[in-house]
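In listed order, ligands and their atoms are each counted from 1. Note that these values count all heavy atoms, side chains included, but never hydrogens, waters or copies made by symmetry. Nothing here was measured: the structure is a model prediction, and the numbers come from that model.
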Amino acid sequence: MSVLAGKELRIVGFLCNWCSYGGADTAGTARAVQPTDLRIIRVPCSGRVNPLFVLKALINGADGVLVSGCHPRDCHYSAGNYYARRRLEMLKQFLPVLGIDPARFEYTWVSASEGQRWKDVVTNFTNRIHDLGPAPKWEDVPAIYDLPKTLIDPARPLGCGEHPSLPELKQALKDALAEGLEGVLGWKKGFDAIHAEPVFMTTPEEIDELIWGPFNVHNLAVYLPQYKGRKIGVVVKGCDSKGVVELLAEKLIAREDVKIFGMGCNGTVSVGRILAKLPEGAKIDAVACRGNKITVTANGQDVEMTMAEVAQDKCRVCMHPSAVLSDVFVGNPTNAPEGDVDGRSPALRFLDDMTLEQRMGFWKGQMERCIACHACRGACPMCVCRDHCVSDARDPAWITQEDTVQQKLFFQLIHAQHLAGRCTGCSECERACPMDIPVFALKQQFGRMIKKIFGFGAGLDVNATPPLLTYQVEEPTIEERELA
Ligand code: FES
């Protein structure tokens, strides 16, 4: 018998009003003897259980969380539990990346007449949590501040030379302006030669300043929703085009309003990796790109580096280097790598090799460094309600003003969970982070679970419905676990 026998743990239960709450009531009325650890929160339907409820409970110290609703086909609102099943299964498979044992969370179905089944469910789940013991506390795990150091070998050739089709692209943009387009989103040289800057070009002279190459790091799809209803163009790399596709699929922009211009991409740089090769505080005078080599002139000295040394991680494993959707595509498409490519970010690979406790320590260390600037949210093309973000809400207050690991991690979880099945993998959140926190790993973990369970990848099909916005009555890829 567990040494904790007789000692209560903190287990939170979300029970649907129409079935499971009635089942618990039936068990109580029948005076069925059950453990008393469960703290029940009554919800209208299991479909009302936002996965963030579960995450909030678990990262704030709950030892276990149980969700219970009506059996499939019996939901009072017809389909609430079908949606819940998809979300909760995805959530369960997501938890390990945070260092939370997925056994600490379960979902099940109990009807109002199933008092005995409720008793079995709550007894078995409580026993399981007692076997696991109290959940590890954030203050007890050692923080891990390390980041992966090894660079991933590029799965395709990376280059940075002048794109031969740039003049042709500029001409196509000028023609589009002459035909009535209000303006085109692109990039121009920024405050120095290794920084590009997004620009909304409305004149041929501005189009002459358009640049294309390894410094065009920003995903311009992020700006499209603010031009909704206006006829504009956008220049895209492959990863940007996936953002445009997802915005179209979710009807956040209209197809007839946006003209998409693409060219093949040979990879973009991590500005941080370039700066790391230069003397600290060096003033950059010029950059020359040829083939796969970049020469940065800083403080009057030439420093040579290769694209393989300084490319962004996502470009090393990119499977869509050319636009997946375009109205005008200039030049030859860039070939995608052949065969299977391990698309995991370095941080996700790092996390995959860790124990649960180490993962918790990893997020503790990373979130301790977070300054809550929310640049990750600002750079994300799919974070479309940023002016009304729930993380800023005070009623209900999802996040407090406390400067704690839990609050900062919970913001990241809100972001990641809202992107589940929608994130196109551009990793702009991570690029924008001034503290180099690998927050993309959280989105990638959700994306990987979505792929595994539903075989879905976001940003590839304007007619696709994200898997969490639909359901099947029978879910062949979800294997539910029986608690009773
Ligand atoms: Fe019970 Fe929907 S009402 S799960």
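- Those atoms of ligand 1 with a heavy atom of W18 less than 4.0 angstrom away are 3 (S).
- Remark: ligand 1 atoms within the under-4.0 Å shell around heavy atoms of C75 are 2 (Fe), 3 (S), 4 (S).
- None of the N, O or S atoms belonging to C19 lies under 2.8 Å away from atom 2 (Fe) of ligand 1.
- Ring centers of W18 and H76: under 6.0 Å apart, within the cut-off.
- Shown in contact with C45 at under 4.0 Å from a heavy atom are these atoms of ligand 1, numbered in order with element: 2 (Fe), 3 (S), 4 (S).
- For the residue pair S270 / Q312, no side-chain donor-acceptor distance below 3.5 Å is found, with atom types taken as modelled.
- In this model, a donor atom of one side chain and an acceptor atom of the other lie less than 3.5 Å apart for R117 and T108.
- A salt bridge does not link E357 to K364: none of the charged side-chain nitrogens sits closer than 4.0 Å to a carboxylate oxygen.
- Between V12 and A57, the shortest heavy-atom distance links the atoms CG2-CB, 4.3 Å.
- Vertex atom 1 (Fe) of ligand 1; arms to C70 SG and C16 SG; angle rounded to 10 degrees, 100°.
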